[in-house]
J.: 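Questions regarding the structure given below will be posed in turn.
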Amino acid sequence: QVRFLESGGGLVQAGDSLRLSCIVSGLLSDDYAMGWFRQAPGKERESVSCINSLDGDGGRTYYRNSVKGRFTISKENANNTVYLQMNRLKPEDTATYYCAAGVRVRDDSCEDSPLTGQGTQVTVSS
């Protein structure tokens, strides 16, 4: 059984930082491509950042334009654990953030996966 343990969300002010963590257990291997997605109320789920498997593609990363330069994704070697360091947060970053495993990282996009967690809430006040 695949289990997701997401943490790190919270209520912060604009300009603050948060670090999201996601530990996934029960997968068939230790090096899945993983990513973060978010969904704000009334909006569709969107990709935020993804990182490829270290063995498959050297850990290639993807970021949506609005978070480039502010967010950094990282992954533990041989371990399905992924982090999202979020700096200089903005009110428009407010959403529920979901970790996903088995995503497909492309040059300018990240394809979502049905293997996803329950989410952690990030709220940024102005």
Side-chain angles (χ1 to χ4, degrees):
Q1 183 178 1
V2 179
R3 287 194 171 92
F4 287 76
L5 179 60
E6 297 154 308
S7 62
L11 171 62
V12 297
Q13 292 186 331
D16 286 349
S17 300
L18 283 174
R19 188 185 191 222
L20 305 183
S21 300
C22 175
I23 303 172
V24 187
S25 60
L27 295 174
L28 297 178
S29 76
D30 292 332
D31 196 17
Y32 271 54
M34 301 181 72
W36 290 95
F37 296 76
R38 67 187 180 188
Q39 187 168 20
K43 296 187 177 181
E44 291 188 354
R45 176 164 157 149
E46 62 184 19
S47 60
V48 177
S49 181
C50 296
I51 185 167
N52 215 339
S53 63
L54 298 178
D55 289 340
D57 195 17
R60 179 173 59 163
T61 58
Y62 157 81
Y63 296 93
R64 71 180 301 105
N65 286 337
S66 62
V67 307
K68 285 181 180 178
R70 300 189 297 123
F71 292 8
T72 302
I73 192 169
S74 60
K75 187 175 182 292
E76 288 189 0
N77 289 343
N79 186 341
N80 289 315
T81 299
V82 65
Y83 304 97
L84 186 68
Q85 177 67 43
M86 304 187 295
N87 297 329
R88 302 197 308 277
L89 282 160
K90 303 177 180 180
E92 51 263 44
D93 294 318
T94 295
T96 301
Y97 283 68
Y98 299 89
C99 173
V103 303
R104 183 163 295 183
V105 183
R106 304 183 187 278
D107 286 341
D108 57 356
S109 65
C110 181
E111 186 177 317
D112 207 342
S113 166
L115 293 175
T116 188
Q118 296 297 311
T120 183
Q121 179 66 36
V122 172
T123 303
V124 185
S125 64
S126 57

J.: Taking atom CD of Gln39 and atom OH of Tyr97, what is their separation to the nearest 0.5 Å?
T.: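 It is 12.0 Å, given to the nearest 0.5 Å.
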J.: Strictly distance-based, threshold 3.5 Å: is any side-chain N or O of Arg70 a donor or acceptor partner for the main-chain N or O of Arg88?
T.: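 Yes: the side chain of Arg70 pairs with the backbone of Arg88.
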J.: What's the shortest heavy-atom distance between Arg45 and Ala100, and which atoms?
T.: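 Heavy atoms of Arg45 and Ala100 come nearest at NH2-CB, 4.2 Å.
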J.: Could you measure the distance from the NZ atom of Lys75 to the SG atom of Cys50? Nearest 0.5 Å is fine.
T.: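 It comes to 12.0 Å.
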J.: To check you understand the geometry: which heavy-atom pair defines the closest contact between Val105 and Thr61, and what is its length?
T.: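 Scanning both residues completely, I find the closest heavy atoms to be CG1-C, 4.3 Å.
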J.: Grab the two heavy atoms, one from Leu27 and one from Ala101, that are nearest each other, plus how far apart they are.
T.: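 Taking Leu27 first and Ala101 second, the nearest heavy atoms are CD1-CB, 3.9 Å.
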J.: Using atom types as modelled and distance alone, determine if a side-chain donor or acceptor of Asn80 lies under 3.5 Å from a backbone N or O of Tyr32.
T.: yes
J.: Indicate the atoms forming the closest heavy-atom contact of Tyr62 with Asp107, along with that distance.
T.: CD1-O, 4.4 Å
J.: Measure the OG1-CE distance between Thr72 and Met86 for me, rounded to the nearest 0.5 Å.
T.: 11.0 Å
J.: Just how far is it from atom CG of Leu84 to atom OG1 of Thr120, taken to the nearest 0.5 Å?
T.: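 If I round to the nearest 0.5 Å, the distance is 11.0 Å.
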J.: Which heavy atom in Ile73 sits nearest to a heavy atom in Met34, and how many Å separate them?
T.: CD1-O, 4.1 Å
J.: Output the distance between atom CZ (Phe37) and atom OG1 (Thr116), rounded to the nearest 0.5 Å.
T.: 7.5 Å
J.: Please check: side-chain N/O of Ser49 versus main-chain N/O of Tyr63, any donor-acceptor pairing under 3.5 Å?
T.: no
J.: Test of understanding: clusters of I, L, V, M, F, W, Y form through side-chain heavy atoms closer than 4.5 Å, transitively. Do Leu18 and Val124 belong to the same one?
T.: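 Yes, Leu18 and Val124 fall within the same hydrophobic cluster.
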J.: I'd like to know whether Leu115 forms a side chain to side chain contact (heavy atoms under 4.5 Å, CB included) with Val24, so could you lay out the CA-CA distance, the side-chain angles of the two residues, the decisive distance to 0.1 Å, and finally the verdict.
T.: CA-CA 10 Å; Leu115 293 175; Val24 187; over 6 Å; no
J.: Considering non-hydrogen atoms only, spot the tightest contact between Asn87 and Ser17 and give its length.
T.: OD1-OG, 2.9 Å
J.: Hey, can you pull the donor-acceptor pairs under 3.5 Å for the side chains in residues 2-16, sequence neighbours left out?
T.:
| residue | atom | partner | partner atom | Å |
| --- | --- | --- | --- | --- |
| Arg3 | NH2 | Gln1 | OE1 | 3.3 |
| Glu6 | OE1 | Gln118 | N | 3.0 |
| Glu6 | OE1 | Gly119 | N | 2.6 |
| Glu6 | OE2 | Cys99 | N | 2.7 |
| Asp16 | OD2 | Gln13 | N | 3.1 |

J.: So if you build clusters from Ile, Leu, Val, Met, Phe, Trp, Tyr with side-chain heavy-atom gaps below 4.5 Å, do Tyr83 and Ile51 land together?
T.: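 They do not share one cluster, since no chain of ILVMFWY contacts under 4.5 Å joins Tyr83 to Ile51.
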J.: Would you give the length of the straight line joining atom CZ of Arg38 to atom CZ of Arg64, rounded to the nearest 0.5 angstrom?
T.: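 Atom-to-atom, Arg38:CZ and Arg64:CZ are 6.0 Å apart.
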J.: Considering only heavy atoms from C-beta outward, does the side chain of Leu89 approach that of Phe71 to under 4.5 Å?
T.: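 When only atoms from C-beta onward are counted, Phe71 and Leu89 do touch, with a gap below 4.5 Å.
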J.: Would you say that Gln121 contacts Thr96 through its side chain, given a criterion of any heavy-atom pair below 4.5 Å between the two side chains?
T.: yes
J.: Find out if a path of hydrophobic residues (ILVMFWY) with successive side-chain heavy-atom gaps under 4.5 Å connects Val103 to Val48.
T.: no
